[in-house]
Amino acid sequence: MERTLAILKPDCVGAKKAGKVLARIEEAGFRVVAMKMVRLNAETAGQFYAVHKERPFYGELVEFMASDRCIPVVLEKENAVADFRTLIGATDPAEADEGTIRKEFATSKAFNIVHGSDSPENAKIEINFFFSEKELVETA
Ligand code: CMP
């Protein structure tokens, strides 16, 4: 069974949309393997998004991710990485398909509600960023 990392971002948690977004994720067939509330700071948000360090939006992205609480969630499902990216939709909600989470909840490319790993390899790295092995529970 494949795993992916989702992050309910500060715009999601701050606007009290975490329950609604998580319900959409569960209804789509994903099982929660681990979940926690975290408050990133500039250093930890910068580390998580280090791959985007040279991008013009990096500073804004780091500031946003440190602006309020985040909820990282490890999800499990067949084809979890690709299926989760389909469920959330394009980075820019204006380009996201109808029925996707970003189309419904996100307000811009920067404030886009949720993160999803872009490959199984990166999913492992991102899961390890937030969770220890013993925090990943067995799903029935
Ligand atoms: P995410 O899937 O978390 O991965 C990288 C994030 O960078 C992305 O979602 C957006 O939140 C952010 N991002 C990507 N492109 C832009 C952009 N042009 N302007 C601002 N933020 C962006």
Side-chain angles (χ1 to χ4, degrees):
M1 197 71 84
E2 193 170 80
R3 289 175 175 176
T4 191
L5 182 83
I7 305 176
L8 309 188
K9 296 186 177 187
D11 53 338
C12 181
V13 180
K16 300 182 177 166
K17 293 176 184 167
K20 286 198 175 98
V21 171
L22 196 58
R24 288 283 305 275
I25 293 169
E26 290 189 306
E27 282 158 12
F30 292 86
R31 290 149 83 108
V32 175
V33 174
M35 178 161 66
K36 63 172 73 164
M37 180 78 78
V38 299
R39 178 74 193 252
L40 299 175
N41 58 28
E43 191 184 346
T44 49
Q47 280 168 359
F48 183 81
Y49 280 116
V51 65
H52 295 305
K53 205 166 186 154
E54 304 307 324
R55 303 285 198 95
F57 57 82
Y58 178 73
E60 185 192 351
L61 174 61
V62 167
E63 188 183 343
F64 165 58
M65 292 300 289
S67 68
D68 201 341
R69 297 146 298 156
C70 289
I71 303 178
V73 189
V74 180
L75 298 168
E76 195 170 72
K77 184 184 179 297
E78 298 284 353
N79 207 31
V81 171
D83 284 1
F84 190 68
R85 287 178 73 84
T86 300
L87 176 67
I88 63 179
T91 304
D92 185 346
E95 292 165 13
D97 289 339
E98 287 298 332
T100 62
I101 289 174
R102 283 175 173 157
K103 183 75 176 180
E104 184 175 344
F105 295 99
T107 52
S108 71
K109 212 182 229 183
F111 304 139
N112 67 354
I113 289 285
V114 64
H115 168 82
S117 306
D118 65 2
S119 68
E121 297 71 32
N122 282 339
K124 288 196 181 91
I125 294 166
E126 292 180 357
I127 288 167
N128 289 338
F129 185 89
F130 286 107
F131 297 94
S132 67
E133 195 58 42
K134 68 179 180 212
E135 289 177 303
L136 306 174
V137 301
E138 291 290 320
T139 60

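Whatever order the structure lists them in is the order used to number ligands and atoms, beginning at 1. No hydrogens, no waters, no symmetry mates; every other heavy atom, side chains included, goes into these values.
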So which protein heavy atom does atom 11 (O) of ligand 1 come closest to, and at what separation?
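For atom 11 (O) of ligand 1, the nearest protein heavy atom comes out as K9 NZ, 3.1 Å.
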Please verify the inter-ring angle class for F129 with F48; under 30° counts as parallel, over 60° as perpendicular, anything in between as tilted.
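Rings of F129 and F48: perpendicular, as their planes differ by over 60°.
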Any ion pair linking K36 and E135 (charged N to carboxylate O, less than 4.0 Å)?
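Looking at E135 and K36, the cut-off is met.
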Element-labelled atoms of ligand 1 that are located less than 4.0 Å from some non-hydrogen atom of [X]:
X: H52; value: 5 (C)
X: R102; value: 2 (O)
X: A110; value: 11 (O), 20 (C), 21 (N)

Would you check the N or O atoms of E60, main chain and side chain alike, for any that come under 3.5 Å of an N or O of ligand 1?
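No, E60 has no N/O under 3.5 Å of an N/O on ligand 1.
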Min N/O separation K109 to ligand 1 under 3.5 Å:
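N/O-N/O distance below 3.5 Å exists for this pair.
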Minimum heavy-atom distance between E78 and M1, given as atom pair plus value:
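That closest heavy-atom pairing would be N-SD, 3.2 Å.
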Side chain, backbone, both or neither: R55 near ligand 1, heavy atoms under 4.0 Å
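For R55, there is no contact with ligand 1 at all, from either part.
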Would a 4.5 Å heavy-atom cut-off, applied to side chains only, mark V33 and F131 as touching?
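They are not in contact (no side-chain heavy atoms under 4.5 Å apart), so the answer is no.
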Heavy-atom side-chain proximity of D83 to F30 below 4.5 angstrom
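Heavy-atom side-chain distance check passes, below 4.5 Å.
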Between I113 and K9, is the side-chain contact (heavy atoms from CB on, under 4.5 Å) condition met? List the steps.
CA-CA 5 Å; I113 289 285; K9 296 186 177 187; 6.0 Å; no
Which of the listed options, Y49, F57, F48, holds the heavy atom that is closest to atom 19 (N) of ligand 1?
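Closest candidate by heavy-atom distance is F57.
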